Amino acid sequence: MMRKVIGIIVIIVGLGYVFMSFDFLPVIGDSTAPAHTHVSDYYIENALRDTHSPNLVTAVLADYRGFDTLLETTVMFSAGVCAVMILGSKSHIRNRFLVPKKILKGKPEPGVSAYKTVNKDVMVTLIAIMILLYAIYVLLHGEVGPGGGFQAGALMALSYIVSMMIAPDTRPLFSLSKANAAALAGIGVFIYAFTGLLTVFNGGMFLEYGRLPFPVSNEYLHTIGIMLIEVGVTIGVMATIITILKAIIERVRFDDDRD
Amino acid sequence: MMTGIEQFLADKGIYYLTFLLLSFGVYGIIACKNYMKKLICMNIMQVAAIVFFLSLGQKKGATIPVLIEGLTNADSYINPLTHALMLTAIVVSLGTTGVGLALLTRIREKFGSVEEDDIIRRQNKL
Amino acid sequence: MIQHYPALVVILPLCGAALSLALTKIHLHLGRNVIFLSMALSFYMSIMQLRNVVINGPMEYRFGGYAIPYSIEFRIDTVNGLVVAMVALMGLITAFYCISGEIRSEKLKVGGAYAVVALFVAGMLGNASSADAFNMYVFLEITALAAYCLIALGGNRGMVAAFRYMLVGTIAGTFYLLGVGILYSATGTLNMQDMSIIIQQGGKDEAVLVALCLMIAGLGIKSALFPFHGWQPSAHTHEERGSAALIAGVMVKIPVYMLFRFVYCVFGTNFKYMQQILIVLGIFVGIGMMYGSIRAIGQTNMKKLLAYSSITQTSYFMLGIVIGSPVALAGSLLHFIGDAFIKGGLFYCAGAIKYKFGTVNIDNFGRIYKKMPVTSALIVAGALSMIGIPPTVGFFSKWYIAMGAIQTGKYIFVILLIISSLLNAIYFFKIIEKIFMSKDKGLEDVRPVKKGELPWSMLVPMSVCIVVIFLLGFLNVKIINMVLPLLKGVGM
Amino acid sequence: MSPLIIEAILLLALIAITLAVIFNRDLLIVIITYCAFSFIAMFLYIVMSSPDVAFTEAVIGVISTIYFIITLRKIDRRCK
């Protein structure tokens, strides 16, 4: 125990000394620091003209540095595939979270649930629908206010998790098996990459939305381009989160609190 | 008096606290014996890197990076580039946590525990 | 269409991996074939791109079509053209090699295995060709995540090795991210070309020093440089048999290329503290060369022996950076390219022997050359090249590094080079002696192989490795002349 | 109370939570403090006036806490 405390004190003193002597970092908040004057000024001044999206972060994320976001979605997709490959599910692991077969045959039982109360199941479906609605709002308003692909994808996954966690016996809004979810994540990434390839086939650089082949005036092309990749990101992130969740749940056996 | 502390904080204080948080994250990864705690300290370390990046992009008296009709000069908006980069870092930290927990589940199955010294003892027998 | 090649080399394996899971649901091997097609196309494009770069100068590719500092940019010149071509070829061969290790139990597992290998190769390709500091961080993370999965697939002890590597790898990634952050706060851009212009104007020495130290720490951990190599031996011995060559052969080397790109192309050699940093790096390299070889002598497990020998190989590449003269840099680049095939080839042999006889212990490798002629040929070729015998590429690269060291008067490194080559000779001749001279241990096949020594999917990669080791040996003068003009402008 | 001082206080709270995580014995308490950690980090991003990052941190903090809780079902809560 003492060894740990001594370690911490050494860290505090060491960093303190190093920091007092160095002054290589700019003072927080002065707007003349080199970080603000070179590239980001261009982004702020030209974002509306180039990308037609008032939300500067989405403009930088989706249009100026769109390739980074493609790689981000690939990071999520590779995390999902890795979790699936590591946690290969064994068929004999019975798990309470798998929806019982009789419900899937379209003959739902009259509201029988773990805690013998009816309203929980009705309310959960309502909550899940509201979260989904909010997720679609966040997706479509990615350019105007704070929001965008990742937040929308994570919210959709949350609405699935909420309905699965609270009422495991009722049928969730949309049921995705682990293999389908992993494949859907791949499709999400491919939608994003295909948008870039579309611009390459049409003569522009990769992810240059001005060259998308849709017959719309130039300023809307950027909006359509950003919307397409946001949809790709949403599908990728949602499917990956559900894949990792199902992969972990299948290996975790809740056989101790069967009431 | 107030501006004295603020000046110190702006000049070095925030950076020092961020690097302190980062070093506790790294210390936690090394010192904790339980693999689950190592994972949580790894997440904390990544949040510390994100806070450092965001504090680089601050401007005094600037609004959030969403364009408003009236304002056009660049000094009135916060630097949007650091925010775009940090969305990547957050998503990377979620991906790494997901893979880490998948590994943790399999290690728990095979070695029966997630404590480092139990695993090393049983690993030599394997 | 040729100006789109730098982007398509990276995008194709990515799209192949993304689609492989969905296509595997249609037919078991459809996803695999799409990945093979995309990797073959990507390799063809990397060769065309290299030819174009040699003929009419460096290519650059701006994503999104905006001006240079405002968008992400790929910059291909002769140095990373070669690296990209090597990674693409190794990825293609390893994908073939993985056919033998296929688990036909579940459609998901078949598609997923090839998707992870394709993502791994796409991450390394992007790392080699990117010219944007933050973009390299994201590619580093893709490579790292795929590597954790590939190590974890290697059985029970692979899980623990993967978990330990994940913790250390995330610390390394965060250090690299902090380095990029400090550089961004000092220069204002993320594009390396732009950054080096601003740094050359001077006045930012402290920030560059701290950023350089963080990057050396981060990239040193990722490339298993001497003081940071803790994770590497256990990771390389327990990783998945199919992709061991990719992880040990290529992934450990890409951070060394990134460090070369930062030290020489971004910070430049006239940076105030550069001499002290290179002296410290030289100490790490010197100890690393000795340590790796000494530890490797006592090993009986072939994979662990190769893991320790790859610590010395990382020190050879860093040696080129430490010496700094253009000839030494060209020599270390040639060693970089050649060693991927040597180290990869030797891991293919270790995997093949484990596949056929189920053992990795060197002591019971009695006279297997009769049953496994191709594998023994590759082991001999790899051993000769690792020690540095003339016809193979190992000799020429060490020769150029030694010449560079003599030119800049750093004789200590020439002596260290010779000593570590002799130490290499000890443990590699031990393997060769076990294979050819020691008495037959009567190993019998673990798997009923229908005909011949090994399935064709393992023989093809091995024969390609043998051919490339000798091909690079003969073509080394061409490669050095191809790379030297660029390094002259950059080197000390 | 200028934003810098609020940031400093929140950072001190984060450091306190990190120490709590390192020195705690019961894993469930560690995970719940980690959930508090991601909430305070989100609040810190809001004070740094970056709504996008705060939104993402909030959602991804919830999801990673759910992952940790599920994995905890498999691991016993005592730890050295």
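Every chain is numbered from 1, with letters handed out A, B, ... down the list of sequences. Here the structure is a predicted model, which is why all the values come from computation and not from measurement.
For the pair A:Thr199 (side chain) and A:Tyr209 (backbone), a donor-acceptor distance under 3.5 Å is absent. Although no hydrogens or angles enter the test, the distance criterion places a donor-acceptor pair under 3.5 Å between the side chain of A:Thr240 and the main chain of A:Gly236. Judged purely by atom type and a 3.5 angstrom limit, A:Glu230 uses its side chain to pair as donor or acceptor with the backbone of A:Gly149.
Among the candidates A:Ser40, A:Ser78, A:Gly66, the residue making the largest number of heavy-atom pairs closer than 4.5 Å to chain C is A:Ser78. Contact count versus chain A (heavy atoms, under 4.5 Å) is highest, among C:Tyr148, C:Phe120, C:Phe134, for C:Phe134. Contacts with chain A were tallied for C:Leu8, C:Val10, C:Val116, C:Leu19; C:Leu19 has the most, counting heavy-atom pairs under 4.5 Å. Across A:Val189, A:Val81, A:Leu207, A:Val75, the residue that shares the most heavy-atom pairs under 4.5 angstrom with chain C is A:Val75. Ranked by heavy-atom pairs under 4.5 Å with chain A, the list C:Leu14, C:Thr24, C:Val208, C:Leu209 is led by C:Leu14. Counting heavy-atom pairs under 4.5 Å between each of C:Ile11, C:Leu190, C:Ile198, C:Ile182 and chain A puts C:Ile11 at the top. Among C:Cys149, C:Gly111, C:Ala7, the residue making the largest number of heavy-atom pairs under 4.5 Å with chain A is C:Cys149. Considering only heavy-atom pairs separated by less than 4.5 Å from chain A, the leading option among C:Tyr184, C:Tyr70, C:Phe139 is C:Tyr70.
C:Ala152 touches chain A through its side chain: at least one heavy atom from C-beta onward sits under 4.5 Å away, while N, CA, C and O do not. Contacts of C:Thr189 with chain A are made by both backbone and side-chain atoms, with heavy-atom separations under 4.5 Å. Heavy atoms closer than 4.5 Å to chain A are found nowhere in C:Ala122, neither backbone nor side chain. The contact between C:Leu119 and chain A is made entirely by side chain atoms (from C-beta outward), counting heavy-atom distances below 4.5 Å. Within the 4.5 angstrom heavy-atom criterion, only side-chain atoms of C:Tyr61, from C-beta onward, approach chain A. Residue C:Asp205 does not touch chain A at all, counting heavy-atom pairs closer than 4.5 Å. Looking at A:Phe194, neither its backbone nor its side chain comes within 4.5 Å of chain C, counting heavy atoms on both sides. At a 4.5 Å heavy-atom cutoff, the contact between C:Val210 and chain A is made by side-chain atoms alone. Proximity to chain A (any heavy atom under 4.5 Å) is shown, for C:Phe63, by both the backbone and the side chain. Of the two parts of A:Leu184, neither the backbone nor the side chain holds a non-hydrogen atom closer than 4.5 Å to a non-hydrogen atom of chain C.
The structure places CD1 of A:Ile248 at 11.0 Å from OG1 of A:Thr243, a figure rounded to the nearest 0.5 Å. C:Leu12 CG to C:Met45 CE: the interatomic distance, rounded to the nearest 0.5 Å, is 5.0 Å.
Between A:Phe67 and C:Phe74, the ring centre distance stays below 6.0 Å.
Classification of the A:Tyr42-A:Tyr64 ring pair by plane angle, with boundaries at 30° and 60°, yields perpendicular. Ring pair C:His29/C:His27 is perpendicular by interplanar angle, where above 60° counts as perpendicular and below 30° as parallel.
Between C:Tyr176 and C:Met215 the shortest side-chain heavy-atom distance falls below 4.5 Å.
Checked against C:Glu73 for a side-chain contact (heavy atoms from CB on, under 4.5 Å), the options C:Asp132, C:Asp194, C:Asn191 give a single hit: C:Asn191. In summary, of the residues considered (A:Asn46, A:Asp63, A:Thr223), a side-chain contact (heavy atoms from CB on, under 4.5 Å) with A:Thr51 occurs for A:Asp63 alone.
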